[in-house]
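To keep things clear, I will list the structure first and then write my remarks on it.
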Amino acid sequence: MQVPTIGLSSLGFCSLAMLATALSALAFYAASPHCRWPRLHRAGRLGREIGTVAAVAGLWLWMADLGVGAGLVIALCVWMAIAMLLPTLAAWHRPAALPARKPR
C-alpha cells in the first residue's frame with residue numbers, strides 16, 4: 001500500500017509555514033494576561049497548547065523548505081514580527097478594558 005503524498009511548491013510550503021507560525025503567535029497572545037481583546041482572551045484557554053503545536057509545525061515546515069539554519073531564523077523572525085504586531089493592533093483598535101481579576 002502506498003501513502004498518498006501532496007506535492008507543495010516552495011510558495012505552498014512558505015504560505016503554510018507562515019500560517020502556522022502566525023497561528024502560534026496568536027494563540028500565545030490569546031493565552032497571555034496582556035491580551036486586550038476580550039473575545040480572544042476568553043477563547044485562549046488552550047492557547048499555550050495550541051501555540052506550542054503550531055510553533056513546532058511552523059518550524060518544521062520552514063526547516064523542510066529552507067533547511068535547518070535558514071528555517072530556524074525565518075521561523076523566529078516571522079514569529080517575533082507577528083508577536084509584536086498583535087499588541088500594536090490591539091492598542092490601535094482600543095478595545096474595551098477587561099474586567100479586573102479577583103485576587104487568589
Side-chain angles (χ1 to χ4, degrees):
M1 184 169 138
Q2 202 172 24
V3 177
T5 59
I6 298 173
L8 288 177
S9 65
S10 182
L11 179 63
F13 261 100
C14 289
S15 300
L16 202 55
M18 181 84 71
L19 182 67
T21 309
L23 176 66
S24 169
L26 183 67
F28 280 126
Y29 180 67
S32 78
H34 303 289
C35 182
R36 296 186 63 180
W37 286 314
R39 182 178 282 175
L40 183 65
H41 188 67
R42 284 191 303 268
R45 291 184 183 178
L46 294 175
R48 288 190 181 122
E49 291 83 5
I50 293 170
T52 302
V53 170
V56 169
L59 180 62
W60 180 77
L61 286 167
W62 283 117
M63 286 182 177
D65 189 34
L66 302 174
V68 175
L72 180 64
V73 170
I74 294 297
L76 288 174
C77 288
V78 169
W79 194 80
M80 286 307 298
I82 299 294
M84 289 187 310
L85 183 68
L86 288 171
T88 305
L89 285 174
W92 186 48
H93 282 268
R94 298 181 196 265
L98 292 174
R101 289 185 171 186
K102 296 178 186 176
R104 290 185 176 186

Requested in this report: Examine Val78 and Met84 and state if one hydrophobic cluster contains both, with Ile, Leu, Val, Met, Phe, Trp and Tyr joined whenever side-chain heavy atoms are less than 4.5 Å apart.
Outcome: no
Query raised in the report: What heavy-atom pair brings Leu66 and Gly71 nearest, and what distance separates the two atoms?
Result: CB-N, 4.0 Å
Report summary line: side chain to side chain donor-acceptor pair (under 3.5 Å) pairs touching residues 65-81, sequence neighbours excluded, are Ser10-Asp65, Ser24-Trp79
Query raised in the report: How long is the span from the CD1 atom in Ile74 to the CE atom in Met18, to the nearest 0.5 Å?
Result: 8.5 Å
Query raised in the report: Just how far is it from atom CG of Leu76 to atom CG of Leu59, taken to the nearest 0.5 Å?
Result: 7.5 Å
Query raised in the report: Do Phe13 and Leu16 share a hydrophobic cluster (ILVMFWY, side-chain heavy atoms under 4.5 Å, transitive)?
Result: yes
Query raised in the report: If you round to the nearest 0.5 Å, how far is SG of Cys35 from CG of Leu86?
Result: 8.5 Å
Report task. Kindly determine whether Ile82 and Leu26 satisfy side chain to side chain contact (heavy atoms under 4.5 Å, CB included), including the steps that lead there. Result -> CA-CA 8 Å; Ile82 299 294; Leu26 183 67; 5.8 Å; no
Report task. Kindly state each residue pair satisfying side chain to side chain donor-acceptor pair (under 3.5 Å) with at least one member in residues 46-62, sequence neighbours excluded. Result -> Thr21-Trp62
Requested in this report: Give the minimum heavy-atom separation between Met63 and Leu72, together with the two atoms involved.
Outcome: CE-CB, 4.0 Å
Report task. Please answer whether the main-chain N or O of Gly47 pairs with a side-chain N or O of Tyr29 as donor and acceptor at a distance below 3.5 Å. Result -> no
